[in-house]
Novice: 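The structure that follows is given in the form of structure tokens.
Numbers here simply count residues along the sequence, with the first being 1.
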Amino acid sequence: MRIAEVSKEYGISADTLRYYERIGLLPRVHRNENGIRDYDEQDCARIKFVKCMRGANVSIEALIEYMQLLEQGDGTMAARKAILEEQRDQVTERIAEMQAGLDRLNYKIAHYDDLIHACEQKIAK
């Protein structure tokens, strides 16, 4: 697939795909005889993985390290797992922080609901 097709398929801009290639998240994207990028199934699988991890707010730095280790083969499985566990812990922490914020918002909204209801009760009398 060409870059425009991949961009459309995965909802990632062509500039972002080029950036991912430049920093090593998509190593060795094949180019055709005209020098145009030609993404294969493995490239697309990597794009899906990177998109999923970025969606979970995994850092670019962690992804670069992970992909470098992936290129080194099976001997790096423990190190790759450790990166994923560390990122999972960070995501879990962010979720807890967001949940606390959501709980506070819900509390405040409920408080305003009570105030509005009390005002409506006074008006109705």
Side-chain angles (χ1 to χ4, degrees):
M1 277 200 284
R2 290 186 174 188
I3 197 165
E5 297 167 316
V6 172
S7 175
K8 184 176 180 181
E9 173 94 15
Y10 297 103
I12 300 173
S13 73
D15 287 339
T16 299
L17 290 167
R18 288 184 203 98
Y19 170 70
Y20 285 170
E21 185 178 350
R22 191 171 59 253
I23 64 173
L25 291 180
L26 299 173
R28 297 186 310 262
V29 172
H30 174 74
R31 292 176 184 256
N32 67 18
E33 61 279 353
N34 296 323
I36 297 170
R37 289 172 177 83
D38 186 19
Y39 294 85
D40 62 18
E41 287 183 34
Q42 184 178 7
D43 296 325
C44 291
R46 285 176 183 251
I47 291 165
K48 284 184 206 175
F49 176 76
V50 170
K51 183 176 179 180
C52 179
M53 295 297 103
R54 292 297 295 145
N57 284 327
V58 171
S59 71
I60 290 288
E61 294 79 12
L63 281 172
I64 290 170
E65 183 180 359
Y66 180 91
M67 292 304 205
Q68 288 172 345
L69 290 169
L70 182 65
E71 289 294 312
Q72 295 173 28
D74 290 347
T76 64
M77 282 187 198
R80 285 183 274 154
K81 181 183 175 202
I83 291 169
L84 295 176
E85 288 172 335
E86 180 182 334
Q87 293 300 305
R88 179 198 56 202
D89 293 345
Q90 290 176 15
V91 168
T92 300
E93 188 176 310
R94 282 193 300 275
I95 290 171
E97 291 169 358
M98 291 178 74
Q99 185 63 54
L102 178 59
D103 292 346
R104 184 68 176 171
L105 284 168
N106 286 332
Y107 170 80
K108 294 300 286 181
I109 291 167
H111 176 70
Y112 280 106
D113 285 343
D114 292 343
L115 292 172
I116 291 167
H117 181 72
C119 286
E120 288 172 349
Q121 291 282 345
K122 286 180 185 178
I123 293 170
K125 288 184 182 180

Novice: A62 and Q87: which non-hydrogen atoms are nearest, and at how many Å?
Specialist: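 A62 and Q87 have their closest heavy atoms at CB-NE2, 3.4 Å.
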
Novice: Looking at E71 and R46, is any side-chain nitrogen of the basic one under 4.0 Å from a carboxylate oxygen of the acidic one?
Specialist: yes

Novice: Can you give me the closest heavy-atom contact between G24 and M67, atom names plus distance?
Specialist: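 Smallest heavy-atom distance, with atoms named: O-CB, 4.1 Å.
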
Novice: For R2, is the CZ atom crowded, meaning more than 12 foreign heavy atoms sit under 6.0 Å from it?
Specialist: no

Novice: Any side-chain heavy-atom pair from I12 and K51 closer than 4.5 angstrom?
Specialist: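 In short, these two side chains touch, coming nearer than 4.5 Å.
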
Novice: Looking at CG of L17 and CD1 of I47, how far apart are the two atoms once the value is rounded to the nearest 0.5 Å?
Specialist: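 It is 5.0 Å, given to the nearest 0.5 Å.
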
Novice: Please check if I60 and L70 belong to a single hydrophobic cluster, counting links between Ile, Leu, Val, Met, Phe, Trp and Tyr side chain heavy atoms closer than 4.5 Å.
Specialist: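 Per the 4.5 Å side-chain linkage, I60 and L70 are co-clustered.
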
Novice: Going from NZ on K81 to CD on E86, what distance comes out if it is rounded to the nearest 0.5 angstrom?
Specialist: 14.0 Å

Novice: For a 4.5 angstrom cut-off between non-hydrogen side-chain atoms, does V29 reach D40?
Specialist: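 No. Closest side-chain heavy atoms not under 4.5 Å.
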
Novice: Quick one: closest heavy-atom pair of R94 and V58, and the distance?
Specialist: NH2-N, 4.5 Å

Novice: Begin from the C-alpha positions of R54 and L63 and carry the test side chain to side chain contact (heavy atoms under 4.5 Å, CB included) through to its verdict.
Specialist: CA-CA 9 Å; R54 292 297 295 145; L63 281 172; 3.5 Å; yes

Novice: List the atom of S7, the atom of A14, and the distance in Å for their closest heavy-atom pair.
Specialist: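 It is OG-N, 3.6 Å.
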
Novice: Could you check whether any side-chain N or O of N32 sits under 3.5 Å from a backbone N or O of N34, counting only pairs where one atom can act as donor and the other as acceptor?
Specialist: yes

Novice: Are the charged groups of R28 and E21 less than 4.0 angstrom apart, N to O?
Specialist: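 E21 and R28: not salt-bridged.
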
Novice: Calculate, to the nearest 0.5 Å, the distance between atoms CZ and CD belonging to R104 and Q99 respectively.
Specialist: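 Answer rounded to 0.5 Å: 14.5 Å.
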
Novice: Could you tell me whether a side-chain N or O of T76 sits under 3.5 Å from a main-chain N or O of Q72, the two making a donor and an acceptor?
Specialist: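 Judged by distance alone, no pair lies under 3.5 Å.
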
Novice: Is the distance between the ring centroids of Y107 and Y112 under 6.0 Å?
Specialist: no

Novice: Do S13 and Y19 have side chains that approach each other closer than 4.5 Å (heavy atoms only, starting at C-beta)?
Specialist: no

Novice: Rounded to the nearest 0.5 Å, how far apart are CD1 of I23 and CD of E61?
Specialist: 8.0 Å

Novice: Considering only heavy atoms from C-beta outward, does the side chain of R18 approach that of I3 to under 4.5 Å?
Specialist: yes

Novice: If you round to the nearest 0.5 Å, how far is OH of Y20 from CG of D15?
Specialist: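 D15 CG to Y20 OH: 12.0 Å, rounded to 0.5 Å.
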
Novice: About how many Å separate CG of L69 and CD1 of I64, when rounded to the nearest 0.5 Å?
Specialist: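 Those atoms lie 12.0 Å apart.
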
Novice: Within the 4.5 Å heavy-atom criterion, are Y10 and Y39 side-chain neighbours or not?
Specialist: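 Not in contact.
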
Novice: Apply side chain to side chain contact (heavy atoms under 4.5 Å, CB included) to residues D38 and R31 and explain how you reach the verdict.
Specialist: CA-CA 5 Å; D38 186 19; R31 292 176 184 256; over 6 Å; no

Novice: For atom CG of D74, decide whether the heavy atoms of other residues, nucleotides or ligands shown that lie under 6.0 angstrom number more than 12.
Specialist: no

Novice: Determine whether more than 12 heavy atoms belonging to other residues, nucleotides or ligands lie under 6.0 Å from atom CD of E85.
Specialist: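 Counting other residues, nucleotides and ligands, CD of E85 exceeds 12 neighbours.
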
